[in-house]
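As a basis for the values below, the full set of heavy atoms in this structure was taken, side chains included, without hydrogen atoms, waters or symmetry mates. Atoms within each ligand, like the ligands themselves, are counted from 1 in listed order.
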Amino acid sequence: MHTLKLTNSKQDIQTAGKLLKDGELVAIPTETVYGLAADALNGEAVANIFKAKGRPMDNPLIVHIADLSQVDDLVAFVPPVLEDLAKAFWPGPLTVILEKSELIPDEVSAGLDTVAIRMPSHPVARAIIKAAGTPLAAPSANTSGMPSPTTAAHVMHDMDGRIAAVVDGGPCEVGVESTVLTLCTRVPRILRPGRVTPEDLFDVLGDVEVDDAVLGQLAQGAVAASPGMKYKHYSPKAEVYIVDGSAEGFAKLVNEKDPATTAALVFDGEESLVECRTLPFGAEDDSLGQAEHLFDDLRKADELGVTDIFVRCPSAEGVGLAVMNRLLRAAEFRIIEVD
Ligand code: AMP
Ligand code: MG
């Protein structure tokens, strides 16, 4: 299959909408990461997303809408709190999990009786949903397990020849996937952290829990509340190690490695401490910047052809919780302590 490269022009957005309505797969820009979209109400089209990504069939997808009125048909029941959440965070990088309606194909919900819904803020994503005239199911547009794509070039790297088209909307602003919040527990619970932080949600909900799987490793045989959490994930080909300690301790450890096969993700201003090639992880106190850089850096390290990537340990506060959550999975929970 030849993958069409589309721009964000009006005409190309109409083309993308038509392809989606016809049951094809189209990668679309969103404010979080690029999504691999299909008509959410077409089970056959949605099944092709799993094939293109090599995604396990038990990992459900997020349904993207452009208008709040689209929620009604997709869920069994709209809890009053959704209005407060929508007012505060939609359109934007928050996904909510609700009891699903009969309209949701099993392929979308992966057999669960719930559905994940989000209203993205990216103007191109919104225009494509409207052009398609249907909600769009879309996971991240990467090969399953690889770092999520934050540019159209990342998408082409993974999906060229496997999907009908990719719409180039430039680099993603947030750089990590949406916050996933379930409203199906007694107290609303964060299953995946993102740009919308626990503090942001607490301000609206008055009470919110963070699932143990966010920073923890799921015990053997345990059931994941969010199936995506159980896989080794976001990993480049090289091995990733988180290094917790000072910049000097980090440099001492990394400078003992072979610079030909090693790359380091360092905070701004630390480049000269390290002998191997470095990739910019943003300022030490800037979780937003770190979120924006992380996946692009991991992919760049693979392009350098290194076998090991050492990463300065980020703060896990605020948006940092999302950075740490992705990094722990990329590193398979390996943390090296240094002075
Ligand atoms: P992706 O956007 O590719 O990272 O995938 C969507 C994420 O949302 C995955 O982590 C899924 O496990 C999660 N998700 C989607 N639907 C549900 C659901 N009904 N219940 C729990 N988690 C879900
Ligand atoms: Mg994903």
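- Listed by chain and number, the residues in a ring-ring contact (aromatic ring centres under 6.0 Å, His included) with Phe89 amount to none (sequence neighbours excluded).
- Atom 2 (O) of ligand 1 has its nearest heavy-atom neighbour, among Arg192, Arg326, Lys53, in Arg192.
- Counting heavy atoms under 4.0 Å from ligand 1, residue Lys100 does not touch it at all.
- Residues Thr143 and Arg162 have side chains that never bring a donor and an acceptor to within less than 3.5 angstrom of each other.
- Residue Pro139 has at least one heavy-atom neighbour below 4.0 Å for each of these atoms of ligand 1: 2 (O), 3 (O).
- Counting only N and O atoms by type, the side chains of Asp12 and Thr7 include a donor and acceptor under 3.5 Å apart.
- Near Thr114, the atoms of ligand 1 lying under 4.0 angstrom from a non-hydrogen atom of the residue are 18 (C), 19 (N), 20 (N).
- In summary, an N, O or S atom of Ser140 is located under 2.8 Å from the Mg ion (ligand 2).
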CA sep, side-chain torsions, deciding dist, call: Thr32, Ser178, side chain to side chain donor-acceptor pair (under 3.5 Å):
CA-CA 6 Å; Thr32 57; Ser178 59; 5.7 Å; no
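- With ring centers used as reference points, Tyr234 lies under 6.0 Å from Phe295.
- For atom 14 (N) of ligand 1, the choice among Ala110, Ser140, Pro60, Ala137 with the nearest heavy atom turns out to be Pro60.
- Residue Arg55 has at least one N or O atom closer than 3.5 Å to an N or O atom of ligand 1.
- Those atoms of ligand 1 that come under 4.0 Å of a heavy atom in Leu112, given as number and element, are 18 (C), 19 (N), 20 (N).
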Test salt bridge (charged side-chain N to carboxylate O under 4.0 Å, His left out) on Arg118 and Glu31 and set out the steps.
CA-CA 12 Å; Arg118 169 165 117 79; Glu31 70 276 22; 2.7 Å; yes
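- If you look at Thr95 next to ligand 1, there are no close heavy atoms at all, none under 4.0 Å.
- Remark: Leu85 CG to Thr95 OG1 distance equals 11.5 Å, nearest 0.5 Å.
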